[in-house]
Amino acid sequence: MKFFIDTANLAQIKEANDLGILDGVTTNPSLMAKEGIKGEEAITNHYKTICEMVDGDISAEVLGTTFEGIIEEGKKLAAIHPNIIVKVPMIKEGVKAIKWFTDNGIKTNCTLIFSAGQAILAAKAGASYVSPFIGRIDDSGWDGVELIGQISRIYKLQGYKTEILAASIRTALHIVKCAEAGADVCTCPLEPILGLLKHPLTDIGLAKFLEDAKKM
Ligand code: G3P
């Protein structure tokens with residue numbers, strides 16, 4: 001399973017990249033706004049900086065909701081760097097745009113996926129990635145990881161090449177469960193990634209080794 005970081009924060013991207021396990025970055029309008037990135041030029045420059053920092057797929061989301069608007073924006077985003085993946089919402093116009101991008105050699109990430117039906121449609125349109133939001137599904141009282149498993153079974157059975165990018169991950173356990181359920185990629189903030197490091201017995205064991213090492 002590939003690891004993407006889900007943030008537009010450059011310090012966090014650097015910290016995850018320095019770990020040596022980072023395969024890419026995902027952003028969305030909420031994450032860009034959180035970093036105070038405003039205006040077309042600043043947005044373009046921010047994506048350029050991220051692309052220079054991380055050697056991997058970098059998702060950049062369109063803001064338009066019409067077919068023409070999505071295409072125009074997606075072409076501009078794709079021109080920023082060869083690693084840009086155009087992130088398109090799961091709406092009717094978005095599906096049409098994903099098909100257009102597929103036919104024109106531009107890779108896409110279909111976002112805001114909350115059902116297997118939406119994942120099938122995105123795969124049919126040729127999306128490179130689908131992003132099921134598992135944390136938000138959990139928030140609504142359902143099981144986000146179960147959806148990852150269902151999409152994984154369907155894609156295998158049908159031979160779809162679209163990669164499952166588990167998004168809206170909140171905990172280290174989510175990452176483990178997504179790996180078990182067949183996600184191709186998990187994208188998450190830095191904290192759940194660092195959470196994978198933690199186990200109290202590791203800390204206790206290391207303290208004992210360091211203490212005993214003084215007697216060596
Ligand atoms: O990748 C999607 C993600 O940014 C949404 O996460 O925590 O806002 O549901 P969250």
Side-chain angles (χ1 to χ4, degrees), residues 1-18 21-91 93-113 119 122-123 125-133 161-169 183-190 193:
M1 185 171 74
K2 288 184 274 188
F3 271 59
F4 290 0
I5 189 164
D6 192 32
T7 184
N9 181 285
L10 299 180
Q12 290 185 18
I13 292 171
K14 183 178 181 321
E15 191 173 337
N17 202 34
D18 287 350
I21 51 87
L22 199 63
D23 301 297
V25 180
T26 52
T27 61
N28 63 38
S30 308
L31 295 171
M32 293 289 276
K34 199 171 154 192
E35 298 309 313
I37 317 297
K38 275 189 193 149
E40 200 177 330
E41 198 185 335
I43 292 170
T44 303
N45 288 339
H46 203 73
Y47 286 137
K48 263 187 204 155
T49 305
I50 295 174
C51 290
E52 281 157 13
M53 287 172 75
V54 178
D55 184 19
D57 287 348
I58 313 295
S59 285
E61 189 157 342
V62 297
L63 307 175
T65 51
T66 62
F67 174 76
E68 293 77 14
I70 296 170
I71 299 297
E72 190 190 335
E73 252 186 278
K75 283 198 283 190
K76 281 188 196 162
L77 289 170
I80 294 174
H81 192 278
N83 289 353
I84 289 281
I85 307 292
V86 179
K87 201 170 175 187
V88 180
M90 171 37 77
I91 53 175
E93 298 291 285
V95 171
K96 279 164 64 180
I98 289 169
K99 177 70 171 80
W100 188 92
F101 287 131
T102 305
D103 292 344
N104 287 276
I106 293 174
K107 291 169 100 180
T108 53
N109 171 1
C110 186
T111 189
L112 292 165
I113 296 285
S128 309
Y129 296 102
V130 279
S131 290
F133 277 30
K161 300 281 176 267
T162 301
E163 291 188 65
I164 304 166
L165 195 168
S168 182
I169 284 178
D184 299 290
V185 190
C186 67
T187 189
C188 43
L190 183 61
I193 299 176

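When each of L22, V25, D23 is paired with N17, the side chain to side chain contact (heavy atoms under 4.5 Å, CB included) condition holds for L22 and for no other.
In plain terms, the two heavy atoms of Y47 and A60 that are nearest each other are CZ-CB, 3.4 Å. Of all the heavy atoms in I70 and A97, the pair that sits closest is CG2-CB, 3.5 Å. In this structure, L112 and M90 approach most closely via the heavy-atom pair O-CB, 3.8 Å. In terms of heavy atoms, P29 sits closest to L63 at CG-CD2, 3.5 Å. The two atoms that bring S131 and N109 nearest to each other are OG-OD1, 2.8 Å, heavy atoms only. Contact detail for T162 and A127: the closest heavy-atom pair is OG1-O, 2.7 Å.
Atom NZ of K2 has more than 12 neighbouring heavy atoms from other residues, nucleotides or ligands inside a 6.0 Å radius. Within 6.0 Å of the CG atom in D55, the count of heavy atoms belonging to other residues, nucleotides or ligands does not exceed 12.
For the pair I50 and T27, the minimum side-chain heavy-atom distance is below 4.5 Å. Within the 4.5 Å cutoff, the side chain of Y129 has no heavy atoms near those of the T26 side chain. Side-chain contact between T7 and L190: absent, with no pair of heavy atoms (C-beta onward) separated by less than 4.5 Å. Two residues are said to be in side-chain contact when any heavy atoms from C-beta on lie closer than 4.5 Å; V88 and C110 fail this criterion.
Atom-to-atom distance recorded for T108:OG1 and L77:CG is 12.5 Å, nearest 0.5 angstrom. Atom OG1 of T44 and atom CD1 of I37 lie 11.0 Å apart (nearest 0.5 Å). Taken from CD in E61 to CD1 in I43, the straight-line distance is 11.5 Å, to the nearest 0.5 Å. In this structure, CD1 on I5 lies 6.5 Å from CD1 on I13, to the nearest 0.5 angstrom. Taking OG1 of T187 as the start and CD1 of I169 as the end, the distance is 7.0 Å to the nearest 0.5 Å. One distance of note links CG of L165 with CD1 of I113; it measures 11.0 Å at 0.5 Å rounding.
Annotation: side-chain hydrogen bond (donor to acceptor under 3.5 Å, both in side chains) contacts involving residues 62-86, sequence neighbours excluded, are absent.
The main-chain N or O of P189 is never found under 3.5 Å from a side-chain atom of D6 such that the two would form a donor-acceptor pair. Between the side chain of T102 and the backbone N or O of K107, no donor-acceptor pair lies under 3.5 Å. Side-chain atoms of K87 never come within 3.5 Å of backbone atoms of N28 as a donor-acceptor pair (strictly under, hydrogens ignored). Between the side chain of H46 and the main chain of M32, no donor-acceptor pair closer than 3.5 Å is present.
Using a 3.5 Å distance cut-off with no hydrogens or angles, the side chains of E35 and N9 do pair a donor with an acceptor.
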- Start with the C-alpha distance between I58 and F4, add both sets of side-chain angles, then the distance that settles side chain to side chain contact (heavy atoms under 4.5 Å, CB included), and finish with yes or no. CA-CA 9 Å; I58 313 295; F4 290 0; over 6 Å; no
